[in-house]
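Okay, so here's the structure we're looking at.
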Protein chains: 2
Amino acid sequence: MLDEPRFDDADLHERVTIGDVAERAGVSIATVSRVVNSRYGVAPATFEKVKAVIDDLGYESSLIARSLRSQRTHVIGVLVADIEPFSAEVLKGAANALRGGDYELVVYSGGHGGDHVGWERRYVSRLSGTLTDGTVLVTPTVAEVSLNQPVVAVDPQSSESAFPTFASQNYEGALTATRHLIELGHRRIGFLGGRRDLESARLREQGYRDALHEAGIEFDAELVLEGGFKEATAAGPARQLLALADRPSAVFAANDLSAIQTMRTAQELGLRVPDDLSVIGFDNVPESALTHPPLTTVDQSIQALGFEAVRTLIALIEQPALRREPPSHVSMPTKLVVRQSTAAPRAATA
Amino acid sequence: MLDEPRFDDADLHERVTIGDVAERAGVSIATVSRVVNSRYGVAPATFEKVKAVIDDLGYESSLIARSLRSQRTHVIGVLVADIEPFSAEVLKGAANALRGGDYELVVYSGGHGGDHVGWERRYVSRLSGTLTDGTVLVTPTVAEVSLNQPVVAVDPQSSESAFPTFASQNYEGALTATRHLIELGHRRIGFLGGRRDLESARLREQGYRDALHEAGIEFDAELVLEGGFKEATAAGPARQLLALADRPSAVFAANDLSAIQTMRTAQELGLRVPDDLSVIGFDNVPESALTHPPLTTVDQSIQALGFEAVRTLIALIEQPALRREPPSHVSMPTKLVVRQSTAAPRAATA
DNA sequence: AACGTTCTCGACAACGATTGCAAGCTGTTC
DNA sequence: GAACAGCTTGCAATCGTTGTCGAGAACGTT
């Protein structure tokens, strides 16, 4: 015991292990383990005695050691690229799904530095099978991961995926959003797209195109730019869109963050929303109700996506037989929320 | 191998362990371990051979097993009660501090169900010393935790804490905010406080009181209510404040979320901000720039708090000798950000 | 009093990695 | 050609738990 330098006894006590409890209670570690997990086969007197020592010493079993031994950890992991409004909503929904159950949540947030794909792979494969019982991927950059535990994805790359996916009816929502603008009288409508690797982004663009088509409006490639789903990445394209000689009278941004950035850019350019420019978003994140003017957007119940994803994941964990079945691909309805960022164009039809 | 029912070979392969790699490469597990950790003493030829097998099999070492054996995990944990704007900002700052370093971040989010104190204790004690090398507590509900690894706190219960703490100059900021209202001509100023167990909330109230005092305005207990720092919990008190017979002409809300809720409530009651009611917040979360009208608030660099907390934590982890020194209590400057939710009262001085 | 059950509890082998130590192999030097 | 040094590699202990198995105690039955 004296062979190690002990810097750390300043105020860090050594961790209390099951062995300490056993020694102090005068029983074997096996018995302590049984008490901790309240298993049968321990005499009431022993049980009480051990329990007292546990309380006394403040012992908590090590999650690590426990999960190394018995594969179940009762922890589910959520992998997000970044903490932004969308993922924050998913997390809230996920947390709600856990209420009352006996699972806990850990969130791995990447976002620090470079290579997303590598990062995801590494995380999933390092943690799966050991720390977590299952994983929820949020807007993943990988389509497939090979691993030994259940996985589900929210807002996936593709709903053809091998694991269950949860998304909104992105196509229908985009159709509705674009139709809303068309009904207001807009004919020159810009589209600020999202990350093309996500199915949601592709479907929203398709909805936009089809709505134009059915209204007999010719598609103009100049009006479609990729905004990357984040404020920082949307700024440039938004500016570019609004700087066009023949400026659109309305912009459909593929998510709220892009829409908010579009409004900000418009205001910087001296354009008034919605008088000079209508803007519509997608997501209905809480922030969208706070903008000036409040943003018209397509509501998708993001929390519900997180909620359902976790529910399904837990079912998959607890009923291994389910894993043999083909994965479900849930698509939740969307709803147009008309606020004040959209209006009829100033001069109807250019 | 045939004694277990194998539901799971549908598409879940067994985890690849170090043993599998060793067997396939025809070396011992010790050698594989050395290759994985790129230690000295492995012949170049062997190194390459093993590396090829690792790539081939897609092996990643188990974080769990690794950390059980060698105490260092290179993972730092962040414990948050909830994912809300404040904690989300802290997380971003924390993630930034990790950029380029060789640490990773896991976030434990509680918030699902009941007993916060118990939850924090359990988490910290179960994870400490095993999964994480250190922990950042964000707005903790416990003042002290006894454990065997470094801990720092952001927005703590008390800056007398035994571990390092990171907060803004809450008192000074609150003083400035209240003075701003007084300078505009307000004399009847409401205060919508925060969670009293947090030092930040107490200091902000003290700043409010002292600013009134120095201006010779008598303190009126009726104008001070506790709003709990969240939108849901602030709604009732905000309504109560604005329903007073002798309604305040301005409200200082102890954080932005409460301020936003106050504005919302005011608008529901038909009051215009800032004409009928001035509102000032605290935090300067991103959302505060989006409100209608944009919120005047006290800026604290929340990301910087997260950033510095992580920096300090890492130093503590890597230099155990530092742990003997008394903990530092960092207090970061604040800045008034005047936007459009504050103005002179309609009829100056009642 | 002898025997069979049931109950309680401890020994011990995993789980998947890291690491100190010693053994094997080469190659050098006298 | 023997002794030794230096590399490379494997053996085995260890981390804190859980789960299996069997030993012994306690009790009831005849």
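For clarity, every value in this text was computed on a predicted model and none was experimentally measured.
Contacts of S159(A) classified as side-chain hydrogen bond (donor to acceptor under 3.5 Å, both in side chains), with partners at least two apart in sequence or in another chain: E199(A). Every residue two or more places apart in sequence or in another chain was checked for a ring-ring contact (aromatic ring centres under 6.0 Å, His included) with H329(B), and none qualifies. In this view, E308(B) satisfies the side-chain hydrogen bond (donor to acceptor under 3.5 Å, both in side chains) rule with no residue, not counting sequence neighbours. By the side-chain hydrogen bond (donor to acceptor under 3.5 Å, both in side chains) test, R34(B) pairs with no residue at all, sequence neighbours left out. Partners of K92(A) by salt bridge (Lys or Arg N to Asp or Glu O under 4.0 Å), not counting sequence neighbours, listed by chain and number: E89(A). Under the rule for a side-chain hydrogen bond (donor to acceptor under 3.5 Å, both in side chains), the partners of S200(B) that lie at least two apart in sequence or sit in another chain are D155(B).
Nucleotide dG16(D) holds its C1' atom 7 Å from the OH atom of Y59(A), rounded to whole Å. Whole-Å rounding puts the H74(A) NE2 to dT17(D) P distance at 17 Å. Look at CD1 on I18(B): it is 12 Å from P on dG10(D), rounded to the nearest Å.
Rounding to the nearest 0.5 Å gives a distance of 9.5 Å between CD of Q319(A) and CD of E325(A). Going from atom CD1 of I64(A) over to atom CG of L131(A) covers 5.5 Å, rounded to the nearest 0.5 Å. Distance CG/L313(A) to CD/Q149(A): 8.0 Å, rounded to 0.5 Å.
Residue-to-nucleotide proximity on DNA chain D shows that, of Y40(B) and G19(A), the 5′-proximal contact is made by Y40(B). Annotation: of the two residues near DNA chain C, G41(A) and V32(B), the 5′-most nearest-nucleotide partner is G41(A).
Remark: nothing in residues 44-54 of chain B comes within less than 4.0 Å of DNA chain C through any heavy atom.
Within the 4.0 angstrom heavy-atom criterion, only backbone atoms of the sugar-phosphate kind lie near T31(B); the bases stay farther away. Within the nucleic acid shown, V36(B) has no heavy atom closer than 4.0 Å to any nucleic acid atom. If you check every strand for non-hydrogen atoms under 4.0 Å, V42(B) touches sugar and phosphate atoms only.
By the neighbour-count criterion of 12 heavy atoms within 6.0 Å, atom NZ of K51(B) is sparsely surrounded, having that number or fewer from other residues, nucleotides or ligands.
Residues V310(B) and Y103(B) fail the side-chain proximity criterion, which asks for heavy atoms closer than 4.5 Å.
Protein chain A touches strand DNA chain C; the 5'-most and 3'-most nucleotides with an atom under 4.0 angstrom of its non-hydrogen atoms are dT8(C) to dG16(C).
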Would you be so kind as to tabulate the donor-acceptor pairs closer than 3.5 Å made by side chains of residues 18-31 of chain A, with sequence neighbours excluded?
| from | atom 1 | to | atom 2 | distance (Å) |
| --- | --- | --- | --- | --- |
| D20(A) | OD2 | T17(A) | N | 2.9 |
| R24(A) | NH2 | D56(A) | OD2 | 2.7 |
| S28(A) | OG | A30(A) | N | 3.4 |
| S28(A) | OG | T31(A) | N | 3.4 |
| S28(A) | OG | T31(A) | OG1 | 3.4 |

Got a list of protein N/O to nucleotides 11-15 of chain D N/O distances below 3.5 Å?
| from | atom 1 | to | atom 2 | distance (Å) |
| --- | --- | --- | --- | --- |
| dT14(D) | O2 | R69(B) | NE | 3.3 |
| dT14(D) | O2 | R69(B) | NH1 | 2.8 |
| dC15(D) | O2 | R69(B) | N | 3.4 |

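Under the side-chain hydrogen bond (donor to acceptor under 3.5 Å, both in side chains) criterion, no residue pair touches residues 35-47 of chain B, with sequence neighbours excluded.
Rounded to 10°, the helix from dA1(C)-dT30(D) to dC30(C)-dG1(D) has 60° between the axis fitted to its first five pairs and the one fitted to its last five.
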